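The structure under discussion appears below in the form of structure tokens.
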Amino acid sequence: MAQSLEVTERTVWRWLAAAERDESAAAEPGARAQSKDRFSVTPEVRRLLALWKGNVAAVHRELITRAAKGEGEPPPSIPTLHRAIRRDLTPGERAGLAGGERAARKHDVFLARPRGWRNQAWETDHMQAPVLVDVEGKARRPWITWFTDCATNAIIGVAVTPGHPSRESVLAALRSAVLREDPYGPFGGLPEKVRVDRGKDFLSRTVTAAFDLLDVTVEDLPAYTPHLKGTVEGLNRAVESMFLAALPGYARQPRPGKRASRPNDEVLLGFEDFTTQLLAWTLWWNTEHRPAPLRGRTPLEAWQDDPTPLRDVPATDLWTFTLEDAGTRTLTTRGIRFRKRDYVGPWMTGQGGIQVQVRFMPHHDHRIEVYHAATGRYLGPADLADEATEEQVSAVRKVRAARARRLKRDLQASQRERYAAATQAGAPQRLGALTTAQAGAELAQATDTDLSDLALPDLIPPAAPPAEWRTPASLAALATPGQPAPLPSVSDDASTPDGLGGRAAPSTTDEDGDAS
């Protein structure tokens with residue numbers, strides 16, 4: 001019987017003994033009796049599980065302590081407590097009590113959205129690449145900003161930033177996503193809506209204004225709901241395992257308290273090389289990769305098979321729509337005054353006195369775009385007048401770095417370096433323009449406040465030592481000649497035991513009058 005049921009003989013004997021005691025047990029051998037005194041999980045046990053992060057042994061100790069104080073019934077054994085928790089709580093509840101809502105969400109069932117049509121919905125996100133890249137001699141982890149089409153899984157637009165991304169990164173990626181001309185096509189056009197996840201860069205005034213001008217609806221998703229934009233989240237996971245993990249400098253996320261290690265002789269990719277390889281992988285993803293939801297088709301084939309008409313925007317209009325508005329200014333003989341600096345352009349000749357509207361790309365403060373305030377006609381660009389040379393800018397950066405080391409509390413606020421987002425392979429472009437006057441003023445201020453430069457240790461030579469001192473000739477030459485030596489506080493009758501001469505230690509008298 002035990003062999004046929006694939007159990008042990010002891011189990012069969014236990015079933016027979018249970019049937020002798022209760023005939024109803026013979027109907028379901030091995031089933032546990034549903035006794036009324038069986039322990040079950042109470043609200044108190046649930047609260048303790050949440051307090052101790054799912055540690056059943058810690059919950060058992062807490063129940064024993066409370067029972068000893070007369071605050072509850074004695075708890076069951078730890079195996080019984082384990083069985084009750086597995087029986088009364090679902091896997092999602094146990095994971096949630098131990099790890100929070102994110103852990104519980106892994107046991108949920110999610111519905112899949114209909115595929116829809118191309119440009120019906122885009123999703124966008126920032127991703128910090130787990131790869132160290134050489135950016136001007138420093139190892140940095142660049143950020144990737146991209147837009148994906150939910151219907152075709154195509155990467156519509158991408159921008160890479162050497163430093164921390166900003167709204168300028170979003171606008172650069174948006175322009176590469178909307179334009180369908182080379183090298184961005186054939187994907188592009190205007191979507192109906194874009195899903196974002198409450199990122200401050202995506203919800204900034206400049207970006208939301210650009211979406212409004214382009215007639216694109218922004219769908220702001222609730223916080224901590226990555227499953228609501230699963231297309232771009234899946235792309236973030238795929239690019240690491242399919243591409244980034246094979247690059248030199250790959251820095252896998254370490255465990256808490258551990259530092260990521262890499263070979264000392266490893267040669268990192270330059271920013272330009274990294275951008276080139278990422279764009280090449282993006283092209284492979286769109287033209288050769290066949291994601292499972294597309295049923296054997298590439299994103300390009302899915303895009304071309306969709307007959308949905310596209311809404312295009314001219315490149316000049318798109319550039320205008322994705323600039324930040326700075327209000328109106330008056331064009332004077334010195335050009336246009338913007339942020340306490342002057343901007344000039346060759347088209348300004350004979351235009352003095354008119355009202356213009358200033359638009360600019362965030363953090364690109366070396367140039368502004370100027371439009372006629374009344375008609376909105378584009379007049380032309382204006383560059384920063386009297387821009388500092390590269391040597392001056394480099395000197396200013398060194399001074400700023402020294403000041404930041406002294407003022408560590410202001411390091412993050414004052415020394416965040418901005419880089420332009422790149423949609424094509426190229427050298428990293430540092431943002432932040434300075435005029436010659438600003439560079440000179442900051443350098444002069446740093447020189448005046450550096451105490452090491454102001455110190456004059458040889459201005460007043462030290463006084464000559466007493467004649468009985470044996471002073472080296474090199475030090476005696478540095479002393480002030482003819483300067484009287486200071487009178488000693490005690491007599492110089494005593495000499496050092498080694499016969500080299502010296503001043504005796506001053507005598508002191510204790511409370512009893514004894515000299516020491």
Side-chain angles (χ1 to χ4, degrees), residues 5-15 17-18 21-22 25 28-111 125-128 130 141 197-199 221-230 233-234 236-237 240-241 245 250-262 412:
L5 296 178
E6 297 182 352
V7 295
T8 62
E9 293 184 10
R10 182 179 177 181
T11 300
V12 176
W13 284 112
R14 190 171 64 250
W15 290 350
R21 293 192 302 269
D22 186 2
E28 296 183 5
R32 291 182 176 274
Q34 301 292 331
S35 59
K36 296 182 180 180
D37 56 349
R38 185 182 67 176
F39 180 80
S40 59
V41 176
T42 62
E44 181 185 9
V45 174
R46 295 176 66 96
R47 288 192 296 268
L48 291 178
L49 282 173
L51 175 63
W52 292 103
K53 302 298 181 182
N55 190 334
V56 180
V59 173
H60 188 262
R61 290 194 299 269
E62 185 72 20
L63 292 175
I64 292 177
T65 303
R66 294 187 179 185
K69 296 180 180 179
E71 299 178 0
E73 297 294 332
S77 63
I78 292 183
T80 302
L81 186 59
H82 271 288
R83 287 195 300 268
I85 291 174
R86 287 194 300 266
R87 182 185 63 247
D88 298 341
L89 300 181
T90 63
E93 289 177 324
R94 296 198 298 269
L97 293 174
E101 182 182 356
R102 290 188 178 183
R105 195 182 296 126
K106 296 180 181 179
H107 298 271
D108 293 342
V109 177
F110 303 99
L111 300 177
D125 195 14
H126 289 314
M127 174 193 176
Q128 188 177 20
R141 293 175 56 188
D197 58 352
R198 291 182 176 267
L221 301 176
Y224 305 108
T225 55
H227 59 282
L228 296 181
K229 56 182 184 67
E233 293 292 344
N236 290 337
R237 294 190 296 268
E240 179 174 358
S241 60
Y250 175 65
R252 183 180 286 106
Q253 294 291 341
R255 298 194 304 269
K258 300 290 185 180
R259 295 184 59 184
S261 60
R262 62 185 182 89
Q412 184 177 2

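Please read these numbers as outputs of a predicted model, since none were measured by experiment.
Residues meeting the side chain to side chain donor-acceptor pair (under 3.5 Å) test with Thr225, sequence neighbours left out: none. Annotation: side chain to side chain donor-acceptor pair (under 3.5 Å) contacts of Ser40 (sequence neighbours excluded): none.
You'll find the side chain of Ile64 stays beyond 4.5 Å of the side chain of Pro74, heavy atoms only. Using a 4.5 Å cut-off on side-chain heavy atoms (C-beta onward), Arg83 and Phe39 make no contact. Counting heavy atoms from C-beta outward, Asn55 and Leu49 have side chains that stay 4.5 Å or more apart. At least one side-chain heavy atom of Trp15 sits less than 4.5 Å from a side-chain heavy atom of Leu5. Residues Asp197 and Pro226 have side chains not in contact (no heavy-atom distance under 4.5 Å, counting atoms from C-beta outward).
For Glu9, the CD atom sits in a loose shell: 12 or fewer heavy atoms of surrounding residues, nucleotides or ligands are nearer than 6.0 Å. Annotation for Arg102: atom CZ does not count as buried by contact number, only 12 or fewer foreign heavy atoms lying within 6.0 Å.
Between the CG atom in Leu97 and the NZ atom in Lys53 there is a gap of 9.5 Å [rounded to 0.5 Å]. Rounding to the nearest 0.5 Å places CZ of Arg87 at 9.0 Å from OG1 of Thr80. If you take NE2 on His126 and CG on Asn236, they are separated by 11.5 Å, rounding to the nearest 0.5 Å. Here the CZ atom belonging to Arg10 is positioned 7.0 Å from the CZ atom belonging to Arg14, to the nearest 0.5 angstrom. Here the CE atom belonging to Met127 is positioned 10.5 Å from the CZ atom belonging to Arg237, to the nearest 0.5 angstrom. Note: Lys106 NZ to His227 NE2 = 14.5 Å, rounded to the nearest 0.5 Å.
Minimum heavy-atom separation, Pro130 to Tyr250: O-CD1, 3.2 Å. Annotation for Asp108 and Ala104: closest pair OD1-O, 3.6 Å, computed over non-hydrogen atoms. In terms of heavy-atom proximity, Ala95 sits nearest to Ala103 at O-CB, 3.5 Å. The heavy-atom pair separating Val7 from Val12 by the smallest distance is CG2-CG2, 3.8 Å. The shortest heavy-atom contact between Pro76 and Leu81 is CG-N, 4.5 Å. Of all non-hydrogen atoms in Pro75 and Ala67, the two that sit nearest each other are CD-CB, 4.3 Å.
Here the side chain of Glu93 pairs a donor or acceptor atom with the backbone of Thr90 at under 3.5 angstrom. Here the side chain of Arg94 pairs no donor or acceptor atom with the backbone of Gly54 at under 3.5 angstrom.
Sorted by first and then second residue, the salt bridge (Lys or Arg N to Asp or Glu O under 4.0 Å) pairs involving residues 58-70 (not counting sequence neighbours) are Glu44-Arg66, Glu62-Arg66.
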